[in-house]
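Encoded as structure tokens, the structure appears first; notes follow it.
Every number for a ligand or one of its atoms is a count from 1 in the order of the listing. This is a predicted model, so every value here is computed, not measured.
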Amino acid sequence: MKIGIIGTGYVGLPSGVGFAELGNQVTCIDQNVEKIESLQAGKLTLYEDGLEELFVKNIKEGRLRFTTSMKEGVSGADVVIIAVGTPPHPVTKEADMKYIYAAATELSQYLTGYTVVANKSTVPVGTGDDVETIIKKTNPFANFDVVSLPEFLREGFAIHDFFNPDRIVVGANTEKAANVIKELYKPFANKTKMLFVKRRSSETIKYASNAFLAIKIHYINEMANFCEKTGADVLEVAQGMGLDSRIGPKFLNPGPGYGGSCFPKDTMAMAYMARQNNVEMSLINAAIEGNKARKKQMAERILEAVKDIEAPKIAVLGLAFKDGTDDCRQSPAMEIIANLLEKNANITAYDPKAMGTACQLLGNKITYADDMYHPLKDADVLAILTEWKQFRELDLQKASMLMRHKNIVDCRNLLDAKKAVEAGFKYQGIGKKAEPSTSESSTHQTEVA
Ligand code: NAD
């Protein structure tokens with residue numbers, strides 16, 4: 001099939017590469033000239049595991065192209081996928097639809113023959129109707145259908161998830177459009193459930209799913225607070241809960257709060273839609289408020305560890321909102337760092353993939369390290385903020401010799417508390433009581449190369 005994809009971000013780019021790998025002719029369109037020039041030059045604009053190999057292969061084999069020209073990408077396409085951003089409106093926090101409406105207006109001029117316009121962006125209920133109206137108004141002769149095709153990929157696993165989707169949800173109001181999407185996803189027909197629903201149901205499924213996951217995270221974080229007070233261990237509690245098939249083990253990892261470009265904005269957009277429809281959604285509102293407070297609590301926890309130290313040095317490991325990505329949008333790490341900077345903290349940080357994206361947000365407000373040991377030099381506390389696997393391998397003896405004061409606040413429960421204590425650290429994880437250091441003093445200073 002011939003596919004045009006509008007938007008080459010964290011959804012559009014992996015999807016474009018994936019559809020090309022399935023044998024389709026894909027043209028990715030973006031208005032960001034810099035991004036397109038980079039992609040045309042064969043240089044990726046974001047990090048996703050496994051993306052580069054398929055990106056290079058499909059360009060070489062002539063199935064994948066990049067352009068800033070809407071005409072080039074849309075003319076002759078069987079399916080045009082909209083994958084532009086829907087960020088929170090700066091004031092109301094509803095989904096800001098300006099990119100969707102602009103894309104719909106622009107693409108409508110270049111539709112040729114019957115085309116399915118598929119909305120992969122996360123959009124408020126009724127957006128399919130709006131896009132349809134815009135296209136009809138701009139191009140009354142266009143022969144098209146608009147479908148909702150929500151995206152469920154997880155950043156960091158975008159390529160894996162593209163080829164192994166849990167489910168494919170399609171909101172199509174005509175059989176003709178449903179059949180085109182069936183054809184598009186034919187390679188998955190034997191292994192993935194395809195759910196065909198009303199367009200408005202499909203739009204709702206995406207928000208309902210993300211809000212539910214956000215609530216689940218907020219729930220286990222509150223449970224973690226409870227465990228810290230009572231002597232229970234939240235990881236054991238989560239394990240016990242997760243064995244119940246009605247609950248399931250996923251999304252029961254306590255941490256510094258949910259982040260990223262989706263959960264915060266989608267919960268706020270869902271809450272906004274509920275208010276607009278006079279529907280009380282207290283759980284979502286509680287998750288939003290609780291999650292905001294969570295980042296502050298984590299910053300306070302880090303500051304508490306160094307409260308008696310003058311001008312403390314804080315070592316941060318992890319800046320991305322989760323492992324496997326360079327995305328720092330709404331990262332808990334960014335918000336915790338912002339809280340620490342308000343208290344004039346002196347921060348040196350390291351992240352395996354997100355140094356560039358973090359630097360775009362934080363500029364010279366913190367110091368950037370070359371590896372995971374560099375921030376520890378003379379630090380008074382180590383704060384672990386992203387669950388990168390390599391941080392699990394931290395050599396605690398080496399860390400202990402590098403640091404001035406031996407304090408760890410492990411917001412991801414990555415390290416072994418017992419080993420940290422044995423290495424002389426005062427260790428505070430999430431959801432269990434802090435482990436005091438076994439050594440007399442938690443101070444140690446030795447030069448380590
Ligand atoms: P993004 O900000 O990374 O990328 C959006 C891209 O669209 C940008 O490159 C921008 O330049 C481009 N764009 C905007 N308007 C355009 C126009 N008129 N013409 C051409 N290009 C245009 O966004 P993203 O993270 O890929 O998210 C896209 C949508 O998918 C959002 O609605 C998001 O909620 C949803 N979503 C995201 C994820 C995720 O993990 N990031 C997962 C599922 C769904």
Side-chain angles (χ1 to χ4, degrees), residues 4-18 27-39 44-49 51 66-74 80-89 94-110 117-124 127 131 134 138 148-162 165-169 202-203 205-211 213-214 258-270 320-322 324-331 357 360:
I5 300 190
I6 307 173
T8 58
Y10 285 87
V11 167
L13 186 55
S15 304
V17 169
T27 306
C28 294
I29 310 144
D30 206 293
Q31 63 186 8
N32 184 324
V33 179
E34 228 174 278
K35 265 191 193 180
I36 291 298
E37 281 178 355
S38 170
L39 293 166
L44 278 177
T45 45
L46 55 88
Y47 174 77
E48 271 295 340
D49 197 25
L51 180 62
F66 298 92
T67 179
T68 52
S69 157
M70 191 68 85
K71 185 176 180 189
E72 201 183 320
V74 169
V80 174
I81 294 174
I82 301 179
V84 300
T86 44
H89 187 279
E94 69 193 288
D96 192 337
M97 300 299 287
K98 66 176 180 241
Y99 301 109
I100 296 278
Y101 293 157
T105 308
E106 218 188 323
L107 76 86
S108 58
Q109 303 162 49
Y110 306 111
V117 177
N119 216 337
K120 244 190 193 311
S121 298
T122 302
V123 290
T127 298
V131 170
I134 290 170
T138 321
S148 159
L149 191 60
E151 180 54 65
F152 298 102
L153 64 75
R154 297 164 300 162
E155 272 184 40
F157 299 91
I159 288 295
H160 172 272
D161 289 354
F162 179 89
D166 281 342
R167 81 282 212 198
I168 296 157
V169 173
S202 171
E203 290 165 341
I205 285 169
K206 177 64 194 175
Y207 279 112
S209 302
N210 273 4
L213 292 173
Y258 59 77
S261 69
C262 291
F263 287 0
K265 87 172 169 62
D266 293 348
T267 43
M268 286 191 296
M270 184 68 233
F321 85 93
K322 63 174 190 170
T325 180
D326 60 353
D327 196 350
C328 288
R329 291 178 290 181
Q330 303 290 313
S331 168
T357 41
Q360 282 168 19

Report yes if some heavy atom in the side chain of [X] is under 4.5 Å from a heavy atom in the side chain of [Y]; otherwise report no.
X	Y	result
Ser261	Glu155	yes
Met97	Thr127	yes
Val84	Ile100	yes
Glu37	Leu39	no
Leu44	Leu51	yes
Tyr110	Glu72	no

Check ligand 1 against [X] and write out every atom of the ligand that is under 4.0 Å from a heavy-atom position of the residue.
X	value
Leu153	40 (O), 42 (C)
Tyr99	14 (C), 15 (N)
Lys265	33 (C), 34 (O)

For atom 29 (C) of ligand 1, which of the options Val11, Thr86, Val84 provides the nearest non-hydrogen atom?
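Selected option, by shortest heavy-atom distance: Val84.
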Using 4.0 Å as the upper bound for N to carboxylate O, is an ion pair formed by Lys265 and Glu94?
no
Where is the nearest protein heavy atom to [atom]: which residue, which atom, and how far?
atom	answer
atom 43 (C) of ligand 1	Glu151 O, 3.3 Å
atom 44 (C) of ligand 1	Thr122 OG1, 3.5 Å
atom 4 (O) of ligand 1	Gly9 CA, 3.2 Å
atom 5 (C) of ligand 1	Gly85 N, 3.7 Å
atom 7 (O) of ligand 1	Gly7 CA, 3.4 Å
atom 20 (C) of ligand 1	Gln31 N, 3.3 Å
atom 39 (C) of ligand 1	Glu155 OE2, 3.4 Å

Ligand 1 versus [X], non-hydrogen atoms closer than 4.0 Å: side chain, backbone, both, neither?
X	answer
Arg329	side chain
Ser261	side chain
Ala83	backbone
Lys35	side chain
Ile6	side chain

Heavy atoms of Ile6 and Ala103 approach each other most closely as CG2-CB, 4.2 Å
Any N/O of [X] closer than 3.5 Å to an N/O of ligand 1?
X	answer
Tyr10	yes
Asp30	yes
Glu106	no

Arg167 vs Phe152, side-chain contact (heavy atoms from CB on, under 4.5 Å): CA-CA, chis, key distance, verdict:
CA-CA 8 Å; Arg167 81 282 212 198; Phe152 298 102; 3.4 Å; yes
Interatomic distance, Phe66 atom CZ to Ile36 atom CD1 [nearest 0.5 angstrom]
7.0 Å
First locate atom CG of Asp30, then atom CE of Met70, and finally report the distance between them rounded to the nearest 0.5 Å.
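Reported value, rounded in 0.5 Å steps: 9.5 Å.
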For Tyr101, does the OH atom sit with more than 12 other heavy atoms under 6.0 Å from it, leaving out its own atoms?
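Yes, the 6.0 Å shell around OH holds more than 12 heavy atoms from other groups.
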